[in-house]
Amino acid sequence: MTIDSTPPNKNFIRDVIQSDLENGRVDGVVTRFPPEPNGYLHIGHAKSICLNFGVATEFKGRCHLRFDDTNPAREEEEFIEAIKKDVKWLGFDWGEHLYFASDNFEQLYEWALYLIENQLAYVDELSADEIRKYRGTLTNPGEDSPYRDRPTSENLDLFREMRAGKFNEGSRVLRAKIDMKSGNINLRDPVLYRIVNAPHPRTGGAWHIYPTYDFAHGQSDAIELVTHSICTLEFEDHKPLYNWLIENLPTPSQPLQYEFSRLNLTHTVLSKRLLIQLVKDGHVNGWDDPRMPTISGLRRRGVPASALRDFAEKVGVTKSDAIIEVALLEHCVRERLNKSAERRMAVLRPLKVIIENYPEDQTEGLNAINNPETPEAGSRTIPFSRELFIEHEDFMEDPPKKFYRLAPGREVRLRYAYFLTCRDVIKDEWGNVKELRCTYDPKTKGGNAPDGRKVKATMHWVSAKHALAAEVRLYHHLFSSAEPDVTHDVVKEINPNSLERLADCRLEPSLKFIKNGETVQFERLGYFCSDPDSSDSALIFNRTLELRDTWARIKKKPLV
RNA sequence: UGGGGCGUGGUGAAGAGGUCUAACACACCGGUUUUUGGUACCGGCAUUCGAAGGUUCGAAUCCUUCCGCCCCAGCCA
């Protein structure tokens, strides 16, 4: 299992486990991550995965992967596979402990009969609408169903017939007999089983009735001998029901539920409903669109799993509603990538430079360091020639005070190459700068002047005739508002410019061999990775994240 | 107006009667180093803990009242 450098922070879950271990409530830790296979995992799930698996390894226990597949109307095999892939990629291993709530359908059914026999459950023939009416409101108590006190044998017969598929969907449900007047609505005779006639991804057409979350989750925990069932805050109200079922059923163990607050992130949405909508309505290009907060989207974007783990640790685990700034995620990504990503040179918006005093047909190989943070990464050779491309925004004809890149008459350093001086600016008929005529100083090879003269800027570049053409996709926040208002229409909140495609980028030749899934740094620009859409004939790169950019800040400030 | 939960800086989050004129991290603001305006490094950033009372020699931590925010009325999870 994955061990990260970040030391675990203290949180109440760890405290509880620690004391449960010390006072003997449990003698080992078993947790579980219980996704419903009705969509892809997102970064909020990553928090839960890291917590559950993290805490399990920390206390030398284990963590199960269990699919809560109790609603065949929504669940699909595709999601099961995608979820497994994401959990693995995140660096966690459930070993032998892959489970499905559906594995327990037979046992759950037996327990339902057990409840009926103990007069703790009954078959209700009220319609969904009527049940709602009988349930009362938040402030008014509910009323007992007229079917509540039918004889056990009748309940048994009816329930068996439900299983046999004798009834229509919605015509009958099995309900727990608890308390229609409870202040906790979950205790007002909650539905335990409903009739669903949809094929189940695992059990096919074997069943006509399916347990609800409440009737499946806790018992599955108990069957798997889970000791700490960790879930999010909205299940807090369900805990009394969770416990009621465990107390009234002959389960093999008595797990306890603990709740923490779910992750919220600025500039995005993290509700499954909304993410499904973004995908279905085509506002993004699938679940793994690099703008998506899904694990698959982040992976495609070039975010390393280790950064996600760091992030999950840094956000903390509490019960208070919190909105984490994306900046924290971005920090974790940069921190990891700065250490691991090899450096390359690429020009996103090319501006042609002709070095007038450089021999026409000469090419020389220059040595460039792969990663200054990691000397073991070694170095590579990059070609230099008379015609280059530099970044368009690295040149200004009439530069403001604090701009110290290239300008007419000014000398700068080309990284790993030579000092370069701008002699002439060539413009098109519209007055746009389209080419620079420069000279270089042959004595500055490698980037230093023997006379000791200094230069204010070092710029990246690419040799025109050796460069690779590529498309580069730049991503911006999916929502420009930090906290998008999703109460009405998410679509209105979407940032229309979240994807920016640059079709004419130029890369240094070595980028041809970049491994899939490897994220590199384009010097001075940011972190990039090759997109799965990329091919030998059409290179495509995604920008994971920009480097921190002090110059951009200076530009924005007044009084430059 | 029923039940449950939560309130510590811009954002998270430690702290649970004295070591708190409140850790740490992100963000932000300055500065140093630098062949990435990156990285690294140094410094700044809550006399105050939702509010008001009270207990105490002493409170963010205990008590009382009040205020605010979140969740629950699916045969979703």
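Just so it is clear: chains get the letters A, B, ... in the order the sequence lines come, proteins before strands, and each one is counted from 1.
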>> I'd like the C1' distance from B:G68 over to B:A77, given in whole Å.
In response: 29 Å
> Which base sits across from B:C62 as a Watson-Crick or G-U pair, both distances under 3.5 Å?
Replying inline: B:G54
> For A:I323 and B:G12, what is the distance between atoms CD1 and C1' respectively, to the nearest whole Å?
Replying inline: 11 Å
> A:H331 side chain N/O closer than 4.0 Å to the phosphate oxygens (OP1, OP2) of B:C26?
Replying inline: yes
>> Under a 3.5 Å cut-off for both contacts, is B:A27 paired Watson-Crick or G-U wobble with anything, and if yes, with which nucleotide?
In response: none
> Which part of the nucleic acid, if any, lies within reach of A:E330 when heavy atoms closer than 4.0 Å are counted: base, sugar-phosphate only, or nothing?
Replying inline: nothing
>> Whether A:R415 engages the ring of A:W461 as a cation-pi pair (distance to the six-membered ring centre under 6.0 angstrom, angle to the ring normal within 45°) should be assessed.
In response: no
> What does A:L547 touch in the nucleic acid at a heavy-atom separation under 4.0 angstrom: a base, only the sugar-phosphate, or nothing?
Replying inline: base
> Heavy atoms under 4.0 Å, any strand shown: does A:P372 hit a base, just sugar-phosphate, or nothing?
Replying inline: base
>> Measure CG/A:L366 against P/B:U36 and give the value in whole Å, please.
In response: 16 Å
>> Tell me whether the side-chain N/O atoms of A:R524 come closer than 4.0 Å to OP1 or OP2 in B:G37.
In response: yes
>> Please report the distance separating the C1' of B:C20 from the corresponding atom of B:A60, rounded so that it comes out in whole Å.
In response: 9 Å
>> Walk along nucleotides 2-7 of chain B from 5' to 3' and tag each nucleotide B, S or - by protein heavy-atom contact under 4.0 Å, base first, then sugar-phosphate.
In response: BBSSS-
> Are the ring centres of A:F260 and A:F12 closer than 6.0 Å?
Replying inline: no
> Nearest heavy-atom pair of A:E36 and A:D68: which atoms, and what distance?
Replying inline: CG-O, 3.5 Å
Could I get a table of every N or O pair under 3.5 Å where one atom is in the protein and the other is in nucleotides 75-77 of chain B?
residue	atom	partner	partner atom	Å
B:C75	OP1	A:R135	NH2	3.1
B:C75	OP2	A:R135	NH1	3.1
B:C75	N3	A:G170	O	3.4
B:C75	N4	A:L126	O	3.1
B:C75	N4	A:A128	N	3.0
B:C75	N4	A:G170	O	2.8
B:C76	OP2	A:R194	NE	3.1
B:C76	OP2	A:R194	NH2	2.9
B:C76	O3'	A:R194	NH2	3.1
B:C76	O2'	A:N71	ND2	3.3
B:A77	OP1	A:T70	OG1	2.6
B:A77	OP1	A:R194	NH1	3.4
B:A77	OP1	A:R194	NH2	2.8
B:A77	OP2	A:Y213	N	2.9
B:A77	O3'	A:D68	OD2	3.4
B:A77	N6	A:H238	NE2	3.1

> Is there a Watson-Crick or G-U wobble partner for B:G2 with both distances under 3.5 Å, and if so, which one is it?
Replying inline: B:C72
> Does B:C45 have a Watson-Crick or wobble mate here (both distances under 3.5 Å), and if so which one?
Replying inline: none
> What's the base orientation of B:G50: syn (chi within 90° of 0) or anti?
Replying inline: anti
> At under 4.0 Å between heavy atoms, what does A:Y416 touch on the DNA or RNA strands: base, sugar-phosphate, or nothing?
Replying inline: base
> Which of parallel (below 30°), tilted (30 to 60°) and perpendicular (above 60°) describes A:Y418 and A:Y440?
Replying inline: perpendicular
>> Rounding to an integer number of angstrom, what distance separates B:U11 and B:C45 when you compare their C1' atoms?
In response: 14 Å
>> Using salt bridge (Lys or Arg N to Asp or Glu O under 4.0 Å), reason through A:K454 and A:E411 one step at a time and then give a plain yes or no.
In response: CA-CA 9 Å; A:K454 299 291 183 202; A:E411 185 174 53; over 6 Å; no
> If the C1' atom of B:U55 is compared with that of B:G17, how far apart are they to the nearest Å?
Replying inline: 11 Å
>> If I take atom CD in residue A:E335 and atom P in nucleotide B:U39, what distance separates them, rounded to the nearest angstrom?
In response: 11 Å
>> Let me confirm one number: the CG-CZ distance from A:L351 to A:F389, rounded to the nearest 0.5 Å.
In response: 9.0 Å
> Atom CG of A:N448 and atom P of B:U34: how far apart are they, to the nearest Å?
Replying inline: 12 Å
>> By the 4.0 Å heavy-atom rule, please label A:T266 as base, sugar-phosphate, or nothing.
In response: nothing
>> Say we look at B:G43 and B:C49: how far apart would their P atoms be, to the nearest angstrom?
In response: 28 Å
> How close or far is atom C1' of B:G38 from atom NZ of A:K339, stated in whole angstroms?
Replying inline: 12 Å
> In whole Å, what is the span from the CG atom of A:D179 to the P atom of B:C72?
Replying inline: 21 Å
> Do A:Y99 and A:H64 make the cut of ring centroids closer than 6.0 angstrom?
Replying inline: yes
> What is the ring orientation for A:H45 with A:F33, classed by angle as parallel under 30°, tilted 30 to 60°, or perpendicular over 60°?
Replying inline: perpendicular
> Under a 3.5 Å cut-off for both distances, is B:G38 Watson-Crick or wobble paired, and to whom?
Replying inline: none
> Phosphate oxygens OP1/OP2 of B:G15: is one of them under 4.0 Å from a side-chain N or O of A:K10?
Replying inline: yes
>> Please report the distance separating the C1' of B:C42 from the corresponding atom of B:G50, rounded so that it comes out in whole Å.
In response: 36 Å
>> I need the CG-P distance between A:L263 and B:C70, as an integer number of Å.
In response: 18 Å
> Strictly under 6.0 Å, is that where the ring centroids of A:F105 and A:Y210 end up?
Replying inline: yes
> Mind checking who B:G9 pairs with, Watson-Crick or G-U wobble, both distances under 3.5 Å?
Replying inline: none
>> Please find the pair of heavy atoms, one from A:P211 and one from A:T70, that lie closest to each other, and give the distance.
In response: O-CB, 3.3 Å
> In whole Å, what separates the C1' atom of B:A25 from that of B:A51?
Replying inline: 29 Å
> Between A:R548 and B:C28, is there a side-chain N or O to OP1/OP2 distance below 4.0 Å?
Replying inline: yes
> Between B:U11, B:G12, B:U36, which one does the side chain of A:A322 approach most closely?
Replying inline: B:G12
> Starting at the 5' end of RNA chain B, which residue's closest nucleotide do you reach first, A:Y404 or A:E325?
Replying inline: A:E325
> Can a salt bridge be assigned to the pair A:K177 and A:D189 using a cut-off of 4.0 Å between side-chain N and carboxylate O?
Replying inline: no
>> I'd like the P distance from B:G9 over to B:G2, given in whole Å.
In response: 29 Å
> Rounding to a whole Å, what distance do you find between A:E523:CD and B:G37:C1'?
Replying inline: 13 Å
> Ring centroid separation for A:F528 and A:F522, is it under 6.0 angstrom?
Replying inline: yes
